[in-house]
Number of protein chains: 2
Amino acid sequence: MTDPVAILLRCGVRPTSQRVAIADYILGARSHPSADEILAHVKKTCPAISRATVYNTLNLLVEKGLVTTQILREGTVVFDPIVDNHHHFIDEQSGRIYDIPWEALRVSGTADLKGFDVRRFQVVLRGRRRR
Amino acid sequence: MTDPVAILLRCGVRPTSQRVAIADYILGARSHPSADEILAHVKKTCPAISRATVYNTLNLLVEKGLVTTQILREGTVVFDPIVDNHHHFIDEQSGRIYDIPWEALRVSGTADLKGFDVRRFQVVLRGRRRR
DNA sequence: TCTCTTTTTAGACCGTATCTAAATTCATGA
DNA sequence: TCATGAATTTAGATACGGTCTAAAAAGAGA
């Protein structure tokens, strides 16, 4: 992964220590953490950080196109460092969310829906992770 | 639509006036209302109804398989009287949610995902409603 | 009618997210 | 270097979705 400081600078965002800590964590995350989960993690290296800063920074990263939000869990938005199109699988047992590559599925018919101008879509799959 | 009283009775649910009012509304709803939106509607005919009853009843209807919950809006679950498989389209302008028939789209590849036992899935589409 | 069970109710409570005003940090120019 | 003003962070207030609790009310059955 590229240096989070460089990434922030490239987006015109001042790389404060709080922002760097947050970006460092979320940009490399393989899970799909909520804001409060991110707060908990970042507090380990940055104990005085406030909730408001985490929320503000995450919203800023979304605005800059560095992460996306996903509505996949009840009650909370989750953050995803993958900004390219992909699908999601949710393990019904654990609640864990997995990324499914765009190429793994094929969806047809989205262009034929009368009255609907589809800009983007994703498949949300649910079931059990097999190991 | 069938009589909501009959539907409740068939499920072994005592058809109190509050439950009937709630079932009557949600079972015929074309929108995808949240619990609080349902509360607001039902209050018109049943002004003394409490929030707890609406939430309890909706959870009961879900348990009985009469409606489903969908995680499609940020911050709140929405209720859907369609219990069969179908997809959803979300108008990014208005936030309105539309049902897309199962047959309108074809999805392939879900059975080939290694390590994932897919039980169910849906396509979530976003864009603009055209009229 | 009496009793017991089910249902409803108001309000307390909890979690997520935003807002606010004050404090702090930072960049800039004199 | 210092002073100034803008940007950022902070704690806590606020708003809202949803659940829980204990007491009141309604209903079923003997």
Side-chain angles (χ1 to χ4, degrees), chain A residues 4-5 8-9 11-26 31-43 45-64 66-80 95 97, chain B residues 4-5 8-9 11-26 31-43 45-64 66-80 95 97:
Chain A
V5 174
L8 292 176
L9 284 172
C11 294
V13 173
R14 193 197 291 174
T16 64
S17 63
Q18 293 91 336
R19 286 172 174 168
V20 171
I22 294 164
D24 192 27
Y25 178 62
I26 186 59
S31 64
H32 293 70
S34 68
D36 277 355
E37 286 164 355
I38 294 167
L39 171 61
H41 254 272
V42 170
K43 270 215 164 122
T45 62
C46 196
I49 200 167
S50 77
R51 251 160 79 81
T53 296
V54 172
Y55 277 87
N56 287 341
T57 300
L58 289 169
N59 289 339
L60 190 60
L61 297 181
V62 169
E63 202 180 292
K64 296 299 181 182
L66 293 173
V67 304
T68 60
T69 57
Q70 297 285 340
I71 301 174
L72 296 170
R73 291 219 306 240
E74 190 174 324
T76 182
V77 159
V78 301
F79 293 85
D80 191 333
I97 299 166
Chain B
V5 173
L8 292 176
L9 284 172
C11 294
V13 173
R14 192 196 294 173
T16 64
S17 62
Q18 294 90 337
R19 286 171 174 170
V20 171
I22 293 165
D24 192 27
Y25 178 63
I26 185 60
S31 64
H32 292 70
S34 68
D36 277 356
E37 286 164 356
I38 294 167
L39 171 61
H41 255 272
V42 170
K43 269 214 164 124
T45 62
C46 196
I49 200 167
S50 77
R51 248 159 78 82
T53 296
V54 172
Y55 277 88
N56 288 341
T57 299
L58 289 169
N59 290 339
L60 189 59
L61 296 182
V62 169
E63 202 180 292
K64 297 298 183 183
L66 293 174
V67 303
T68 60
T69 58
Q70 298 284 341
I71 301 174
L72 296 170
R73 289 219 307 239
E74 188 174 327
T76 182
V77 160
V78 300
F79 293 86
D80 191 334
I97 299 167

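Just so it is clear: chains get the letters A, B, ... in the order the sequence lines come, proteins before strands, and each one is counted from 1. Every heavy atom of this structure was used, including side-chain atoms; hydrogens, water molecules and symmetry mates were not.
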Please check the phosphate of D:dT9 (OP1 and OP2 only) for any side-chain N or O of A:Arg19 closer than 4.0 Å. yes
Within the distance-only criterion (no hydrogens, no angle test), does the side chain of B:Thr57 pair as donor or acceptor with the backbone N or O of B:Val54 below 3.5 angstrom? no
Identify, with sequence neighbours excluded, every residue that meets side chain to side chain donor-acceptor pair (under 3.5 Å) alongside A:Gln18. none
Test B:Leu58 against every option in B:Thr69, B:Ile38, B:Leu39 by the side chain to side chain contact (heavy atoms under 4.5 Å, CB included) rule and name the one that passes. B:Ile38
D:dT10, OP1 or OP2 - any side-chain N/O from A:Gln18 closer than 4.0 Å? yes
Look only at the side chain of B:Asn59 and the backbone of B:Tyr55, and say whether a donor-acceptor pair between them is shorter than 3.5 Å. yes
How long is the gap from CG on B:Asp80 to OG1 on B:Thr68, to the nearest 0.5 Å? 4.5 Å
Within less than 4.0 Å of OP1 or OP2 of D:dG27, is there a side-chain N or O belonging to B:Thr16? no
State whether the side chain of B:Arg73 and the backbone N or O of B:Val78 hold a donor-acceptor pair below 3.5 Å, judged by distance alone. no
How about B:Lys64 and B:Leu8: do any of their side-chain heavy atoms sit closer than 4.5 Å? no
Identify the 5'-most and 3'-most nucleotides of DNA chain C with at least one atom closer than 4.0 Å to a non-hydrogen atom of chain A. C:dT16 to C:dC26
Check whether any side-chain heavy atom of B:Arg19 lies under 4.5 Å from a side-chain heavy atom of B:Leu60, and answer yes or no. yes
Footprint string (nucleotides 15-20 of chain D, 5' to 3'): B base within contact, S backbone only, - free, heavy atoms under 4.0 Å: --BBBB
Rounded to the nearest angstrom, tell me the gap between atom CZ in A:Arg14 and atom P in D:dT8. 5 Å
